[in-house]
There are 2 protein chains.
Amino acid sequence: MTVRAIRGDETAARVLDIAERFVQVRGFNGFSYADVAAELGVTKAALHYHFASKGDLGAALIDRYCARLAARLAALDAGCPAAVDRLHGYVGLYRGMLAEGRLCLCAMLAAEYHTLPGPMQAAVLRFFGQNEAWLESVLAGAAAEGSITLRGPARDAAVALVAGLEGAMLVARPFGDLARFEIAAASLVRSLTGDAFPGAALAGAAPARTQRP
Amino acid sequence: MTVRAIRGDETAARVLDIAERFVQVRGFNGFSYADVAAELGVTKAALHYHFASKGDLGAALIDRYCARLAARLAALDAGCPAAVDRLHGYVGLYRGMLAEGRLCLCAMLAAEYHTLPGPMQAAVLRFFGQNEAWLESVLAGAAAEGSITLRGPARDAAVALVAGLEGAMLVARPFGDLARFEIAAASLVRSLTGDAFPGAALAGAAPARTQRP
DNA sequence: GTCTATAACGAGATAGAC
DNA sequence: GTCTATCTCGTTATAGAC
């Protein structure tokens, strides 16, 4: 459980890249050091140099994942003047992962939560808190600008949206069907914006919004 | 991979009970025959008699889970005259599992999907189809009786609801906080019924509906 | 920083006695 | 139907050479 990692090391970063994909696709209990070593072309022992235990590797995985999320949320803050566009950009983050056949790292770890070492469990909870805190302020901002309608506390809407998006990925992925995600995500966003269903003949045309992963 | 199980066997049923809880709490890759054998007080070899391989055990687990679901949905059909009450009853099925610290069996297996043997994968997909088909007709019925408003196809609303509820359980469980589930579930149902947020001072008082696990 | 070698253990699964 | 005994393999992890 020694922490020898996280430093200006390029090999460690490649280990994290590979392990991250394994966790998002197969789960933390669904891959081994041998899998990572084979793909990286090194031995298992070499991996143990960078991450003494699998728990250390997992914790580093979550830390990096949270840091990357923070950067992406900051990019949305900087690039989207309207709060509602930040909201759509946020949905796009999830869509992009699913398009690669990946679950959200922490959604996977949430499923396996009770088998994880303590430090990983704590980090998973922090991840969701980080998401909800950011979303809460975005939703409050969107409500203030009049682009969405909140029927309760912004925090509650944030909690519901995170849960809904994670669930949409979870269920859509086995079907290999991105459209399933879109249906659920559109429904979630629509419950805030009140937009008509895309293509439905119920209300006026909704403004087409661009959104990329 | 021989199928020697599923018969009027009481031991097999106890094996399934124990294994089911392990899967819902720790995941299919998070427990072993040894775990089940220890809790049942038998040897691993005895388990292999009832379920030749772990994949056989897993497939039997899903089959029984789907059968039990069908019975519960039928009970809702029989016990709830109003479609909207069947909807609330359905939400209660999820709440009850989470209250026991369990994830939906097939939500867990959806996360681990890419590590599962083929027969289990197919069974997982059937489970979600079964849920969505039942919900679709309930939602269509509720729309017809005027207790909910659909902004698109009933099938889409069903897909979104299943995904949302599974996600609500997934995220709420690590926090050990049933209230997190309630927040997300209430938001999902509210997006159909249009009810005001409970206790919010935004619209007229919403009718208090009783809902039990 | 990466290697070989191996320890120490647990996994899923099988054979054959009772 | 359940047992003992065993097999084989994969797992995490460590020791020590290079």
Side-chain angles (χ1 to χ4, degrees), chain A residues 1-20 22-23 25-62 109 112 114-121, chain B residues 1-20 22-23 25-62 109 112 114-121:
Chain A
M1 283 283 184
T2 320
V3 179
R4 210 192 258 117
I6 317 249
R7 136 189 58 146
D9 196 346
E10 195 212 318
T11 303
R14 284 197 295 167
V15 172
L16 289 173
D17 287 340
I18 294 170
E20 182 177 70
F22 271 121
V23 174
V25 173
R26 303 178 51 91
F28 191 71
N29 296 326
F31 82 104
S32 71
Y33 269 42
D35 296 322
V36 177
E39 186 156 327
L40 191 56
V42 300
T43 61
K44 290 186 289 175
L47 297 185
H48 278 285
Y49 170 79
H50 295 282
F51 302 96
S53 78
K54 202 184 176 186
D56 291 336
L57 172 57
L61 234 29
I62 307 175
L109 296 177
E112 299 176 294
H114 286 102
T115 72
L116 302 179
M120 288 185 68
Q121 291 184 328
Chain B
M1 284 282 186
T2 321
V3 180
R4 214 192 257 115
I6 317 247
R7 136 191 56 144
D9 196 346
E10 194 213 319
T11 303
R14 284 197 293 168
V15 173
L16 289 173
D17 287 339
I18 294 169
E20 183 178 69
F22 271 122
V23 175
V25 173
R26 303 177 51 90
F28 191 72
N29 296 327
F31 82 104
S32 72
Y33 268 43
D35 296 322
V36 177
E39 187 155 327
L40 190 57
V42 300
T43 62
K44 289 189 292 174
L47 296 185
H48 278 286
Y49 170 78
H50 295 283
F51 302 95
S53 78
K54 201 183 177 187
D56 291 335
L57 171 58
L61 233 30
I62 307 174
L109 296 177
E112 299 177 293
H114 285 102
T115 71
L116 302 179
M120 287 185 67
Q121 292 184 328

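On a predicted model such as this, the values are computed, not experimentally measured, just so you know. Convention: sequence-line order gives letters A, B, ...; per-chain numbering from 1.
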Problem set entry | Side-chain donor or acceptor of B:Y33 paired with backbone N/O of B:S53 under 3.5 Å | yes
Problem set entry | Nucleotide-resolved protein contact map, nucleotides 5-12 of chain D, B/S/- at heavy-atom distance under 4.0 Å | ------BB
For this session: Using side-chain contact (heavy atoms from CB on, under 4.5 Å) as the criterion, point out the one residue from B:L61, B:N29, B:I62 that pairs with B:V23.
Result: B:L61
For this session: Look at the side-chain N and O atoms of A:T43 and state whether any lies under 4.0 Å from the OP1 or OP2 oxygen of C:dT2.
Result: no
Seminar exercise, completed: Note: A:Q121 and A:H114 closest approach over all heavy atoms is NE2-CA, 4.0 Å
Exercise. What is the distance, rounded to the nearest whole Å, between atom NE2 of B:H50 and atom C1' of C:dA13?
Worked result: 16 Å
Problem set entry | Heavy-atom pair with the smallest gap, counting every atom of A:G55 and A:P117 | CA-CG, 4.0 Å
Problem set entry | Atom-to-atom span, CG of A:N29 to P of C:dG10 - whole angstrom | 16 Å
Exercise. D:dG1 phosphate, OP1 or OP2: any side-chain N/O from B:Y49 under 4.0 angstrom?
Worked result: yes
For this session: Using only side-chain N and O atoms of A:T11, determine if any of them is under 4.0 Å from OP1 or OP2 of C:dT2.
Result: yes
Problem set entry | Value in whole Å for how far the P atom of D:dT2 lies from CZ of B:F51 | 12 Å
Exercise. Minimum heavy-atom separation for A:A60 to A:L16, with atom names?
Worked result: CB-CD2, 4.0 Å
Problem set entry | A:K44 side chain vs A:S32 backbone, donor-acceptor pair below 3.5 Å | no
